[in-house]
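Following: one structure in structure tokens, then a few remarks.
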Amino acid sequence: MKNPQSIDSITRRGFCEVAALSIAASAFAQSSEKTKSAAASANFPPIGDIHAHVCGIHFYSGDMSRQIIAEHYCSHLSDEVLQCILYDSNKPGARLIGIEYIVSARIFESLPPEEKKLWHSHNYEVKSGVLTAPGVADAAEKDLMKVLIGTYGKTWHTWQVDRGDKLPMGIPQLMMAFTADGQAKASIVAERDKLYGASAAKKTARADIADAKLDSGADGWQKGVAVQLDLKTVQAAAQ
């Protein structure tokens, strides 16, 4: 992880497009509890790289009725790529339910059209206040959201805990993020708010964050056709 920088320093310098996720990583200074956690995992370097915790709500691509709170624990792979492990809670013994990759707008714009269909934008997640950074001061969280608003995520859930599965059954499921008011269930937003504070208050505080210019290739489900995996049998190749 890169050397920490103050939020004031970051704000004065501005958010460079290419280095945006790098800035996010340094701006995302966690509590002393997180620091202790990182030190405790020093013998497991990939786990020790995790420096960010955000919480959001996903829905299954093709089925918005299935919505789930996901705790993201992220590491900084490069200046423009974050990789996140997803859990169903923030408590010890939480189940690992999936992964999410987050890339800058520059990288996303370079992807082929078919690949873009697998990704979602983060603009509404940020502006709605539903996406939050637990344990981070309000000013630091807002600076982080100024960075994340222009990024894109590709999310796979491997454990369908929302249907009561006791094990990670079946194939991974592609997940998407909300893009407008009225899509997230009031009950699940209320559940998320119990954990980390009122989404409505965060929405008001973020009203002055400029909307990101969205690539039309993302959030493909909005065009009426969602993408999802399907399991098929194939002929085994000879040795």
Side-chain angles (χ1 to χ4, degrees), residues 10 13-25 27-28 52 54-64 66-68 70 72 74-86 98-133 141-157 172-184 199 202-203 206-230:
I10 291 168
R13 188 169 61 256
F15 288 83
C16 171
E17 171 69 18
V18 173
L21 293 182
S22 177
I23 293 171
F28 214 172
V54 295
C55 180
I57 302 173
H58 297 152
F59 68 88
Y60 288 74
S61 180
D63 188 355
M64 193 178 285
R66 298 181 65 189
Q67 303 179 7
I68 185 169
H72 303 53
C74 307
S75 61
H76 179 188
L77 191 62
S78 75
D79 285 350
E80 297 182 81
V81 181
L82 292 175
Q83 53 185 16
C84 307
I85 305 171
L86 310 182
I99 56 172
E100 178 166 356
Y101 301 101
I102 298 173
V103 300
S104 67
R106 188 192 71 82
I107 288 181
F108 184 76
E109 289 166 3
S110 72
L111 300 177
E114 286 301 305
E115 174 64 24
K116 288 182 177 181
K117 293 178 181 179
L118 304 175
W119 296 72
H120 60 266
S121 63
H122 290 136
N123 189 86
Y124 179 77
E125 281 196 283
V126 169
K127 294 302 290 281
S128 67
V130 170
L131 187 66
T132 187
E141 181 186 61
K142 188 170 182 178
D143 278 329
L144 174 66
M145 294 302 154
K146 289 176 182 177
V147 172
L148 291 180
I149 196 169
T151 62
Y152 295 84
K154 181 180 183 180
T155 304
W156 300 100
H157 278 204
Q173 297 291 296
L174 182 66
M175 309 299 285
M176 289 288 154
F178 305 118
T179 57
D181 290 344
Q183 293 174 347
S199 301
K202 291 180 183 293
K203 180 178 182 179
R206 298 173 190 175
D208 60 344
I209 298 179
D211 286 303
K213 179 183 178 181
L214 299 181
D215 189 306
S216 61
D219 309 306
W221 58 272
Q222 294 186 114
K223 300 178 178 68
V225 179
V227 177
Q228 192 54 269
L229 292 187
D230 191 18

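The structure displayed is predicted, hence computed values, not measured ones.
Judged by distance alone, with hydrogens and angles left aside, the side-chain atoms of Q183 form a donor-acceptor pair with the main-chain N or O of A180 at under 3.5 Å. At least one donor-acceptor pair closer than 3.5 Å links the side chain of K127 to the backbone N or O of I209. For D219 (side chain) and S121 (main-chain N/O), a donor-acceptor pair under 3.5 Å exists by modelled atom type. Side-chain atoms of S61 come within 3.5 Å of backbone N or O of V227 as a donor-acceptor pair. Proximity of a side-chain donor or acceptor of Y124 to a complementary backbone N or O of D181 within less than 3.5 Å is detected.
The minimum heavy-atom distance linking L174 with Q228 is given by the pair N-OE1, 2.7 Å. Shortest non-hydrogen contact noted between V130 and S199 is CA-OG, 4.0 Å. Considering all non-hydrogen atoms of both residues, W221 and A226 come closest at CB-CB, 4.1 Å. Nearest heavy-atom pair, A105 versus Y152, reported as atom, atom and distance to 0.1 Å: CA-CE1, 4.0 Å. Residues V126 and R206 share a closest heavy-atom pair of O-NH1, 2.9 Å. Nearest approach of T151 to V147, heavy atoms of both residues: CG2-O, 3.6 Å.
Once rounded to the nearest 0.5 Å, the distance linking CD of E100 with CG of L86 reads 6.5 Å. Between K154 atom NZ and L118 atom CG the span is 5.0 Å, to the nearest 0.5 Å. In this structure, M175 CE and F59 CZ are separated by 8.5 Å, a value rounded to the nearest 0.5 Å. In this structure, CD on E80 lies 14.0 Å from CZ on F108, to the nearest 0.5 angstrom. To the nearest 0.5 Å, the span separating CD1 on I102 from OG1 on T155 amounts to 7.5 Å. Between K223 atom NZ and S216 atom OG the span is 5.5 Å, to the nearest 0.5 Å.
When side chains are defined from C-beta on, L82 counts as touching H76, because their heavy atoms get closer than 4.5 Å. Residues L111 and W119 form a side-chain contact, since some pair of their non-hydrogen atoms from C-beta on lies under 4.5 Å apart. Annotation: side chain of L144 is in contact with side chain of V54 (closest heavy-atom distance under 4.5 Å).
Applying the ring-ring contact (aromatic ring centres under 6.0 Å, His included) criterion to H58, with sequence neighbours excluded, gives H72, H157.
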Begin with the C-alpha distance, continue with both residues' side-chain angles, and end with the deciding distance and a verdict on side chain to side chain contact (heavy atoms under 4.5 Å, CB included) for L229 and W156.
CA-CA 10 Å; L229 292 187; W156 300 100; 3.5 Å; yes
What's the verdict on side chain to side chain contact (heavy atoms under 4.5 Å, CB included) for K202 and E141, showing C-alpha distance, side-chain angles and the deciding distance?
CA-CA 10 Å; K202 291 180 183 293; E141 181 186 61; 3.0 Å; yes
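The pair K117-E114 counts as a salt bridge, with a side-chain nitrogen and a carboxylate oxygen less than 4.0 angstrom apart. Between K142 and D208 there is a salt bridge, with a side-chain nitrogen of the basic residue lying less than 4.0 Å from a carboxylate oxygen of the acidic one.
Considering H120, E125, M64 in turn, M64 is the only one that fulfils the side chain to side chain contact (heavy atoms under 4.5 Å, CB included) rule with F178.
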